[in-house]
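One structure is given here, and the rest of the page talks about it.
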There are 2 protein chains.
Amino acid sequence: MVNKTRSPQRRGDALSRDRIIEAAIGLLDSTGEAGLTFRALSEQLATGPGAIYWHIANKGELLVAACDAVIAATLAACADGETPEATVRALAVGMFDAMDAHPWIGSALIHAAGQLPTVRLFESIGQQVQALGVPAGGQWAAVSALWHYILGVGGQNAANRRSAQARDIGREDFLGEASAAWAALDEARYPFTRSLAEQLRNHDDSADFLAGIDLILGGIKAQAQS
Amino acid sequence: MVNKTRSPQRRGDALSRDRIIEAAIGLLDSTGEAGLTFRALSEQLATGPGAIYWHIANKGELLVAACDAVIAATLAACADGETPEATVRALAVGMFDAMDAHPWIGSALIHAAGQLPTVRLFESIGQQVQALGVPAGGQWAAVSALWHYILGVGGQNAANRRSAQARDIGREDFLGEASAAWAALDEARYPFTRSLAEQLRNHDDSADFLAGIDLILGGIKAQAQS
DNA sequence: ACCTGAACACCGTTCAAGT
DNA sequence: ACCTGAACACCGTTCAAGT
């Protein structure tokens with residue numbers, strides 16, 4: 001089930017918090033959440049499981065730190081667009097792509113609520129909402145809505161990606177099966193979902209995600225005008 | 001760490017899938033995600049760990065089933081309001097409260113992406129969006145935005161609740177600490193977050209959540225008019 | 001100060017054996 | 001058909017002992 005994708009790293013330099021986090025991200029990306037164990041990690045680092053505890057308190061802290069490294073890099077890369085609105089969209093797409101590329105981030109973020117990774121995102125969105133000219137009284141609601149929406153989509157999307165990965169099928173097949181499942185739902189109880197089965201097969205996650213961002217931005221503008 | 005809150009159930013009737021799920025929900029509510037083990041569960045049910053596997057395939061399926069039981073009951077209770085808009089708000093608040101009362105649902109839902117519990121919510125929202133008169137071409141985006149937002153807020157909120165529970169502090173203290181942490185952030189790098197530290201302490205999760213729903217509903221209306 | 005690796009107290013899951 | 005409970009192959013974490 002778990003197959004090593006790299007030979008154990010040579011052990012030139014000393015162990016460090018950063019090297020551990022880097023190796024953890026690699027392991028999470030290649031073998032998934034279940035693949036990150038202190039034994040596998042220490043093998044990759046050519047050391048013993050106990051050594052890691054000198055640098056990191058426990059597995060929870062390791063996951064949050066791995067999450068934070070990815071998110072910090074992502075947000076830094078999308079920091080300045082042409083307009084505040086364009087920057088919000090860039091941040092959103094950046095987060096979407098990051099959570100798609102590292103599907104373990106979705107659940108890691110849930111366990112990191114209120115910690116550095118989520119605060120980073122909150123701050124990045126907040127600065128743009130401010131630049132957008134939203135009055136002080138409406139900023140909290142506007143930022144919260146965008147923040148939660150981004151985390152919500154990212155989490156669900158990552159979960160889909162992960163379950164496709166676990167079953168070793170591609171996006172096409174995954175959507176095909178999901179679409180078939182929707183089409184097979186009971187007509188009386190799930191009329192709406194059934195009617196969208198075809199759209200599910202052909203939809204573009206990324207475009208739909210952006211449409212939602214625009215919906216919220218539209219709501220923010222409408223509210224600011226009233 | 002894990003303390004039993006009930007004496008083992010008498011074993012009058014036979015084991016069944018439903019009784020197992022019910023006991024699992026009780027265990028999750030009282031001892032958290034980490035408290036749900038097949039050993040603890042079988043003790044509660046006065047049987048052996050192996051017995052459960054006759055009725056349920058594995059732990060993942062058990063979590064999804066527990067999740068689904070809660071969500072089905074929640075959605076059924078909020079099915080019909082005065083107007084479609086009121087019903088959407090009722091559904092949203094119902095989900096918010098359910099995820100607050102059962103904080104384990106947040107991460108369970110991430111592992112249940114695309115399965116029954118999330119489809120139920122999708123359908124419930126979809127029926128109301130349809131009743132709202134949103135044109136066919138915009139329904140997918142509208143429902144997706146509401147759906148992801150509800151799951152996103154619920155997940156983050158549940159995570160906060162859980163971490164407060166784990167540290168055995170109340171909402172007041174939890175928010176106080178978080179607010180102090182925000183106020184102590186580096187002024188140059190986190191100006192926005194810092195400036196909202198006070199609002200964090202005094203905010204009302206539930207009201208803010210509804211404000212976000214209204215923002216999205218506002219965006220949906222604005223889009224329908226253009 | 002930093003690393004080693006055996007040992008501890010758990011897990012989820014299986015499966016021969018029972019009724 | 002349904003249940004039992006010992007056994008298996010793992011975990012995260014600790015800690016005496018080393019360098």
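The figures here come from the full heavy-atom set of this structure, side chains too, leaving out hydrogens, waters and symmetry mates. Order of the sequence lines sets the chain letters (A, B, ...), proteins ahead of strands, with each chain counted from 1.
- Using a cut-off of 4.0 Å between Lys/Arg side-chain N and Asp/Glu carboxylate O, Arg17(B) and Glu61(B) are scored as salt-bridged.
- A side-chain donor-acceptor contact under 3.5 Å links Thr118(A) to the backbone of Gln115(A).
- One atom, CD of Glu43(B), and another, P of dG5(D), lie 13 Å apart when rounded to the nearest Å.
- Within the shown strands, dG12(D) is the pairing partner of dC8(C) under the Watson-Crick or G-U definition, both distances less than 3.5 Å.
- Rounding to whole angstrom units, CD1 of residue Ile52(B) and P of dG12(C) are separated by 10 Å.
- Atom CD1 in Ile56(A) sits roughly 12 Å away from atom P in dC3(C) (whole-Å rounding).
- Distances were taken from every side-chain heavy atom of Ala14(B) (C-beta onward) to each of dG12(D), dC3(D), dG12(C); the shortest belongs to dC3(D).
- In this entry the distance linking NZ of Lys59(B) with P of dT14(C) reads 15 Å, nearest Å.
- Of the listed nucleotides (dC3(D), dG5(C), dT14(C)), dT14(C) has the atom at the smallest distance from the side chain of Tyr53(B).
- Among the atoms of the strands shown, only primed sugar atoms or phosphate atoms (P, OP1, OP2) are found under 4.0 Å from some heavy atom of Leu36(A).
- Checking side-chain atoms of His203(B) against main-chain N and O of Leu200(B) turns up a donor-acceptor pair under 3.5 Å.
- Taking for each of His55(A) and Arg39(A) the nucleotide of DNA chain C with the nearest heavy atom, the 5'-most of the two is the partner of His55(A).
- Listed candidates were dA1(D), dG5(D), dC3(C). Nearest to the side chain of Ala51(A) is dC3(C).
- Pairing partner, dG18(D): dC2(C), with both Watson-Crick or wobble hydrogen-bond distances short of 3.5 Å.
- Between the CG atom of Leu15(A) and the C1' atom of dA1(C) there is a distance of 13 Å, rounded to whole Å.
- When rounded to the nearest whole Å, the span between CZ of Phe38(B) and C1' of dG12(C) equals 7 Å.
- Remark: P of dC2(D) and CD1 of Ile20(B) are 12 Å apart, rounded to the nearest angstrom.
- With respect to the salt-bridge test (charged N to carboxylate O, under 4.0 angstrom), the residues Arg120(A) and Glu123(A) do not qualify.
- Summarising the geometry, the separation between NE2 on His111(B) and C1' on dG12(C) is reported as 15 Å, rounded to the nearest angstrom.
- Comparing atom distances between the Trp54(B) side chain and each of dT13(D), dC11(C), dC3(D) picks out dC3(D) as nearest.
- Aromatic ring orientation, Tyr149(B) versus His148(A): perpendicular (interplanar angle above 60°, classes split at 30° and 60°).
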